[in-house]
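Structure, as C-alpha coordinates:
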Amino acid sequence: MSMKKDKHITMREAKERTGLTSRQIRYYDEQNLIFPARSKGNQRLFSESDLQRLLKIKKLLAAGNSIETIRLKMKTPQAKEIDPYAQLSEFEDSINDYADEELDSLYPVSNRFALLKKLTFNDHDINDQEFEEEN
DNA sequence: GTTCTTACA
DNA sequence: TGTAAGTA
(Lines give C-alpha, C1' and ligand atoms only; values in the text may rest on other atoms or scores of the structure.)
Protein backbone atom coordinates (compact mmCIF):
# COMPACT_ATOMS: atom_id res chain seq x y z
CA MET A 1 0.00 0.00 0.00
CA SER A 2 2.85 2.39 -0.57
CA MET A 3 2.40 5.55 -2.54
CA LYS A 4 4.77 5.85 -5.42
CA LYS A 5 5.90 9.13 -6.86
CA ASP A 6 4.40 12.09 -5.07
CA LYS A 7 4.10 13.79 -8.43
CA HIS A 8 2.52 17.20 -8.48
CA ILE A 9 -1.16 17.00 -9.23
CA THR A 10 -2.99 20.08 -10.42
CA MET A 11 -6.29 21.39 -9.13
CA ARG A 12 -7.86 20.26 -12.37
CA GLU A 13 -6.78 16.67 -11.93
CA ALA A 14 -7.78 16.77 -8.28
CA LYS A 15 -11.27 17.85 -9.32
CA GLU A 16 -11.53 15.19 -11.99
CA ARG A 17 -10.24 12.38 -9.81
CA THR A 18 -12.28 13.18 -6.71
CA GLY A 19 -15.47 14.52 -8.20
CA LEU A 20 -15.24 17.43 -5.79
CA THR A 21 -15.48 21.08 -6.82
CA SER A 22 -12.49 23.38 -6.54
CA ARG A 23 -14.48 25.29 -3.95
CA GLN A 24 -14.80 22.22 -1.78
CA ILE A 25 -11.16 21.25 -2.18
CA ARG A 26 -9.96 24.73 -1.21
CA TYR A 27 -12.33 24.72 1.75
CA TYR A 28 -11.00 21.39 3.02
CA ASP A 29 -7.51 22.79 2.62
CA GLU A 30 -8.52 25.85 4.60
CA GLN A 31 -9.88 23.52 7.29
CA ASN A 32 -6.49 21.80 7.46
CA LEU A 33 -7.81 18.48 6.21
CA ILE A 34 -5.25 18.30 3.40
CA PHE A 35 -1.76 19.78 3.10
CA PRO A 36 -0.93 20.31 -0.57
CA ALA A 37 2.41 21.90 -1.44
CA ARG A 38 2.54 25.19 -3.33
CA SER A 39 4.24 26.14 -6.54
CA LYS A 40 6.16 29.39 -6.90
CA GLY A 41 3.01 30.89 -8.29
CA ASN A 42 1.10 29.85 -5.18
CA GLN A 43 -0.67 27.09 -7.07
CA ARG A 44 -1.64 24.05 -5.01
CA LEU A 45 0.40 20.95 -5.81
CA PHE A 46 -1.46 17.88 -4.64
CA SER A 47 0.21 14.56 -3.87
CA GLU A 48 -1.30 11.10 -4.23
CA SER A 49 -1.88 11.05 -0.48
CA ASP A 50 -3.75 14.34 -0.78
CA LEU A 51 -6.01 12.73 -3.37
CA GLN A 52 -6.62 9.73 -1.15
CA ARG A 53 -7.40 12.06 1.72
CA LEU A 54 -9.87 13.99 -0.40
CA LEU A 55 -11.68 10.79 -1.32
CA LYS A 56 -11.70 9.79 2.34
CA ILE A 57 -13.04 13.18 3.34
CA LYS A 58 -15.74 12.90 0.71
CA LYS A 59 -16.79 9.53 2.08
CA LEU A 60 -16.79 10.63 5.72
CA LEU A 61 -18.69 13.80 4.88
CA ALA A 62 -21.29 11.80 3.01
CA ALA A 63 -21.56 9.58 6.09
CA GLY A 64 -22.59 12.61 8.10
CA ASN A 65 -19.34 13.46 9.86
CA SER A 66 -18.48 17.07 10.65
CA ILE A 67 -15.28 18.74 9.48
CA GLU A 68 -14.03 18.72 13.06
CA THR A 69 -14.74 15.02 13.47
CA ILE A 70 -12.98 14.24 10.23
CA ARG A 71 -9.98 16.32 11.23
CA LEU A 72 -9.60 14.34 14.44
CA LYS A 73 -10.38 11.04 12.77
CA MET A 74 -7.77 11.46 10.06
CA LYS A 75 -5.14 13.22 12.12
CA THR A 76 -2.19 14.50 10.12
CA PRO A 77 -0.03 12.53 7.65
CA GLN A 78 2.97 13.31 9.84
CA ALA A 79 1.28 11.92 12.93
CA LYS A 80 0.64 8.68 11.11
CA GLU A 81 4.33 8.24 10.42
CA ILE A 82 5.26 8.82 14.03
CA ASP A 83 2.45 6.88 15.69
CA PRO A 84 2.16 3.21 14.62
CA TYR A 85 -1.17 2.96 16.38
CA ALA A 86 -2.55 5.66 14.13
CA GLN A 87 -2.19 3.28 11.24
CA LEU A 88 -3.85 0.44 13.12
CA SER A 89 -6.65 2.78 14.05
CA GLU A 90 -6.97 3.81 10.44
CA PHE A 91 -7.18 0.17 9.41
CA GLU A 92 -9.97 -0.46 11.88
CA ASP A 93 -11.79 2.60 10.64
CA SER A 94 -11.40 1.29 7.15
CA ILE A 95 -12.88 -2.02 8.21
CA ASN A 96 -15.76 -0.23 9.85
CA ASP A 97 -16.41 1.82 6.75
CA TYR A 98 -16.85 -1.31 4.70
CA ALA A 99 -18.77 -3.07 7.43
CA ASP A 100 -21.29 -0.25 7.53
CA GLU A 101 -22.48 -1.42 4.18
CA GLU A 102 -25.30 -3.90 3.83
CA LEU A 103 -24.67 -7.45 4.87
CA ASP A 104 -27.65 -9.49 3.76
CA SER A 105 -26.43 -12.92 4.76
CA LEU A 106 -23.32 -14.92 5.40
CA TYR A 107 -24.05 -17.21 2.49
CA PRO A 108 -22.61 -16.22 0.19
CA VAL A 109 -20.21 -13.83 1.86
CA SER A 110 -20.58 -10.86 -0.43
CA ASN A 111 -18.85 -8.51 1.98
CA ARG A 112 -15.78 -9.99 3.59
CA PHE A 113 -15.03 -6.82 5.50
CA ALA A 114 -18.45 -6.85 7.07
CA LEU A 115 -17.99 -10.46 8.06
CA LEU A 116 -14.55 -9.67 9.47
CA LYS A 117 -16.05 -6.91 11.55
CA LYS A 118 -18.77 -9.20 12.83
CA LEU A 119 -16.20 -11.75 13.87
CA THR A 120 -13.69 -9.29 15.24
CA PHE A 121 -15.33 -6.25 16.73
CA ASN A 122 -18.82 -7.39 17.67
CA ASP A 123 -18.30 -10.29 20.01
CA HIS A 124 -21.35 -9.32 22.01
CA ASP A 125 -23.52 -9.50 18.94
CA ILE A 126 -22.15 -12.85 18.03
CA ASN A 127 -22.66 -14.21 21.54
CA ASP A 128 -26.27 -13.15 21.39
CA GLN A 129 -26.77 -15.15 18.27
CA GLU A 130 -27.62 -18.81 18.31
CA PHE A 131 -25.25 -20.89 16.29
CA GLU A 132 -26.19 -24.39 15.36
CA GLU A 133 -23.40 -26.92 15.19
CA GLU A 134 -22.89 -27.86 11.61
CA ASN A 135 -19.67 -29.81 11.87
C1' DG B 1 -7.20 29.33 -20.13
C1' DT B 2 -6.61 28.02 -15.19
C1' DT B 3 -5.97 28.89 -10.29
C1' DC B 4 -5.87 31.95 -6.26
C1' DT B 5 -7.86 35.05 -2.63
C1' DT B 6 -11.51 37.71 -0.88
C1' DA B 7 -16.14 38.61 -0.29
C1' DC B 8 -21.13 38.39 -0.71
C1' DA B 9 -25.70 35.69 -1.08
C1' DT C 1 -21.41 26.03 -1.32
C1' DG C 2 -21.79 28.84 -5.71
C1' DT C 3 -20.22 32.68 -7.95
C1' DA C 4 -18.05 37.31 -9.15
C1' DA C 5 -14.03 40.28 -9.20
C1' DG C 6 -9.25 41.18 -9.96
C1' DT C 7 -4.68 38.75 -10.08
C1' DA C 8 -0.81 35.94 -11.08
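Each chain gets a letter, A, B and so on, in the order its sequence line appears, and its residues count up from 1.
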Distance (rounded to the nearest 0.5 Å) between A:Leu51 CG and A:Glu16 CD
11.0 Å
Which distance, rounded to the nearest 0.5 Å, do you find between the NZ of A:Lys15 and the CZ of A:Phe46?
10.0 Å
Atom-pair distance ([atom1] on [X]; [atom2] on [N]), nearest Å:
{"X": "A:Asp29", "N": "B:dT6", "atom1": "CG", "atom2": "P", "answer": "12 Å"}
{"X": "A:Leu20", "N": "C:dG2", "atom1": "CG", "atom2": "C1'", "answer": "15 Å"}
{"X": "A:Glu30", "N": "B:dC4", "atom1": "CD", "atom2": "P", "answer": "13 Å"}
{"X": "A:Met11", "N": "C:dA8", "atom1": "CE", "atom2": "C1'", "answer": "15 Å"}
{"X": "A:Gln24", "N": "C:dT3", "atom1": "CD", "atom2": "P", "answer": "12 Å"}
{"X": "A:Arg44", "N": "B:dT2", "atom1": "CZ", "atom2": "P", "answer": "17 Å"}

Test side-chain contact (heavy atoms from CB on, under 4.5 Å) applied to A:Leu61 and A:Leu33, A:Ile67, A:Leu20, A:Thr69, the passing residue
A:Ile67
Regarding [X], tell me which of base, sugar-phosphate or nothing describes its non-hydrogen contacts under 4.0 Å with the strands shown.
{"X": "A:Lys15", "answer": "sugar-phosphate"}
{"X": "A:Arg26", "answer": "base"}
{"X": "A:Thr21", "answer": "sugar-phosphate"}

Flag the pair A:Arg17 and A:Asp50 as a salt bridge only when some basic side-chain nitrogen lies within less than 4.0 angstrom of an acidic carboxylate oxygen.
no
For A:Gln43 and A:Arg23, take the nucleotide of DNA chain B holding the closest heavy atom to each; which residue's nucleotide lies nearer the 5' end?
A:Gln43
Given DNA chain C, 5'-ward residue of the pair A:Leu61 and A:Gly41, judged by closest heavy atom:
A:Leu61
No-H, no-angle donor-acceptor pair, A:Arg12 side chain to B:dT2 base, under 3.5 Å
no
Does C:dA8 pair with anything, Watson-Crick or G-U wobble, both distances under 3.5 Å, and if so, with which nucleotide?
B:dT2
Working note: A:Arg26 + A:Arg44, criterion side chain to side chain contact (heavy atoms under 4.5 Å, CB included); need CA distance, chi angles, decisive distance, verdict.
CA-CA 9 Å; A:Arg26 294 192 183 100; A:Arg44 266 169 269 254; 3.3 Å; yes
Compare side-chain N and O positions of A:Tyr27 against OP1 and OP2 of B:dT5 and report whether any pair is under 4.0 Å apart.
no
Which of the following nucleotides, B:dC4, B:dT3, B:dC8, is nearest to the side chain of A:Arg38?
B:dC4
